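Numbered from 1 within each chain, the chains take letters A, B, ... in sequence-line order. Both backbone and side-chain heavy atoms feed into the values below; hydrogens, waters and symmetry mates do not. Just so it is clear, the structure is predicted and the values come from calculations on it, not from any experiment.
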There are 2 protein chains.
Amino acid sequence: MNSQFKKGILELLVLNILKRNDCYGYEIVNRISESISISEGTIYPLMRRLKGDGYVTTYLAESTEGPPRKYYHLSASGIEEHNRLKEEWDIFFERVNILLGEES
Amino acid sequence: MNSQFKKGILELLVLNILKRNDCYGYEIVNRISESISISEGTIYPLMRRLKGDGYVTTYLAESTEGPPRKYYHLSASGIEEHNRLKEEWDIFFERVNILLGEES
DNA sequence: TTTAGTACCTTGCATAACAAGATACTGTGT
DNA sequence: ACACAGTATCTTGTTATGCAAGGTACTAAA
C-alpha cells in the first residue's frame, strides 16, 4: 500500500468513523485496517493532534478485556472539520480522476 | 488545496501526461495547475527522481520563446510504473470511498 | 531599460505515515 | 507458577514529498 496516498486522508477517515459513535484508538486502527493497512504509530499521534486542535474530546473507560480504553468523541468543530475535509477530498479526487481519464 | 492529498499522486499524474507525449517541466506544471494547484519547486525535484529511477529519459530542445526546454520521455519501465501506480490508486480511492460511504 | 513571460534550478521547512520498540492489563493453557 | 496471545496505550527516529522563497537566464514588448 502506497503510504503517500494516505497522507491527509486518514484524518478524514477517523473523523468519519467518530461521526457515527465514540471509539477508542485500538478500535479505530482495526476498523480502518479492514480496508487500508495502517499502523498504531500513525493513529495515536493523529488522535493527539485532533485533540490538540479541539476536534475531539476524550474520556477513559474500563475494559474487561485489557487495560482501560481512551474513547474519542467528536466535537462540534470536529464535525465542521469533517465536512470541510470531505468536500476538499471530493473535489480533489474528482479532479485527479478527470486528469487520469483524459484520453491518451 | 490540502497539500497532503497530493502526496504520491502527483507522480502518477506526471507519468499519465507523459504517456501521451513528451513534455518539458514548465509545461507539466501548467497542465496540472489547470486542475490542481502545484508549484515548480515540487515538479523539478520530482522529475529528477523519475529520471534517477529510470522512468523517464531527457533531451534538450531550443525554444523561440525563452531558454532551452528539457523534454521528458517516458521509458518502458516508466510505463510499467504508471500502470502499477494507477492500479494502486484505483484500489485506494475505491476503498476510501467505501469507508466514507458507509451509512452513518 | 524595464517589465512580463518563459524556462530552468536549489535550499530549507513542514507534515504525516511508518517501523520498532516500550509498557501494562486480561485470560488461557501447561 | 509461568508463558503466551490478545488487548490497549504510547514514544522515538526515519523517510518521503510538497511548498515557499529564492536564484539564473533567455526573449519580446512597452
Between C:dC8, D:dC10, D:dC19, which nucleotide has the shortest distance from any of its atoms to the side chain of B:Arg69? C:dC8
Of the listed nucleotides (D:dA8, C:dA7, C:dA19), which one gets closest to any side-chain atom of A:Pro67? D:dA8
Atom-pair distance (CG on B:Asn30; C1' on C:dT6), nearest Å: 9 Å
Between D:dG23 (P) and B:Tyr44 (OH): distance, integer Å: 17 Å
Scan A:Glu11 against the nucleic acid and name what it touches under 4.0 Å (heavy atoms): base, sugar-phosphate only, or nothing. nothing
Would you mind classifying the nucleic acid contact of B:Lys7 as base, sugar-phosphate or nothing, using non-hydrogen atoms under 4.0 angstrom? base
A:Leu50 CG - C:dA16 C1' separation (whole Å): 12 Å
Side-chain donor-acceptor pair present, A:Ser3, B:Lys7, cut-off under 3.5 Å: no
Take atom CD1 of A:Ile43 and atom P of C:dA17, then tell me their distance rounded to the nearest Å. 8 Å
Identify whether any heavy atom of B:Glu27 sits under 4.0 Å from a base atom; if not, whether one sits that close to sugar-phosphate; answer base, sugar-phosphate or nothing. nothing
Is the shortest side-chain N/O distance from B:Tyr24 to OP1 or OP2 of C:dA7 below 4.0 Å? yes
Measure from CE on B:Met47 to P on D:dT17 and round the result to the nearest Å. 14 Å
Give a yes or no on whether B:Leu100 and A:Ile91 share a hydrophobic cluster (residues Ile, Leu, Val, Met, Phe, Trp, Tyr; joining criterion: side-chain heavy atoms under 4.5 Å apart). no
Atom CZ in A:Phe92, atom CD in B:Gln4: separation rounded to 0.5 Å? 11.0 Å
Just how far is it from atom CG of B:Asp53 to atom CZ of B:Arg49, taken to the nearest 0.5 Å? 8.5 Å
With heavy atoms under 4.0 Å as the rule, sort A:Gly41 into base, sugar-phosphate or nothing. base
Identify, between A:Pro68 and A:Gln4, the residue whose nearest nucleotide on DNA chain C lies closer to the 5' end. A:Gln4
B:Tyr26 side chain N/O closer than 4.0 Å to the phosphate oxygens (OP1, OP2) of C:dC8? no
Which is true for A:Leu46 with a 4.0 Å heavy-atom rule: it touches a base, it touches only sugar-phosphate, or it touches nothing? nothing
How long is the span from the CG atom in B:Leu50 to the CG atom in B:Leu15, to the nearest 0.5 Å? 5.5 Å
Upstream residue (5' side of DNA chain C) when A:Glu65 and A:Gly8 are each assigned their closest nucleotide: A:Gly8
Could you please name the option among D:dA20, C:dC8, C:dC18 that lies closest to any side-chain atom of B:Ser39? D:dA20
Here the distance between atom C1' of C:dC8 and atom CD of B:Glu62, to the nearest Å, is 14 Å
Between C:dC25 atom C1' and A:Lys70 atom NZ, what is the distance in whole Å? 17 Å
Taking only residues two or more places apart in sequence or in another chain, which ones pass salt bridge (Lys or Arg N to Asp or Glu O under 4.0 Å) with B:Glu80? none
So if I take every side-chain heavy atom of B:Arg49 and compare against C:dT10, D:dT17, C:dA17, which nucleotide ends up nearest? D:dT17
Whole-Å gap separating P (D:dT17) and NZ (A:Lys6): 14 Å
Within the pair B:Thr42 and D:dC19, is there a side-chain N or O less than 4.0 Å away from OP1 or OP2? yes
Regarding A:Ser37, tell me which of base, sugar-phosphate or nothing describes its non-hydrogen contacts under 4.0 Å with the strands shown. sugar-phosphate
Counting only side-chain N and O atoms of B:Ser63, is one of them less than 4.0 Å from OP1 or OP2 of C:dA7? yes
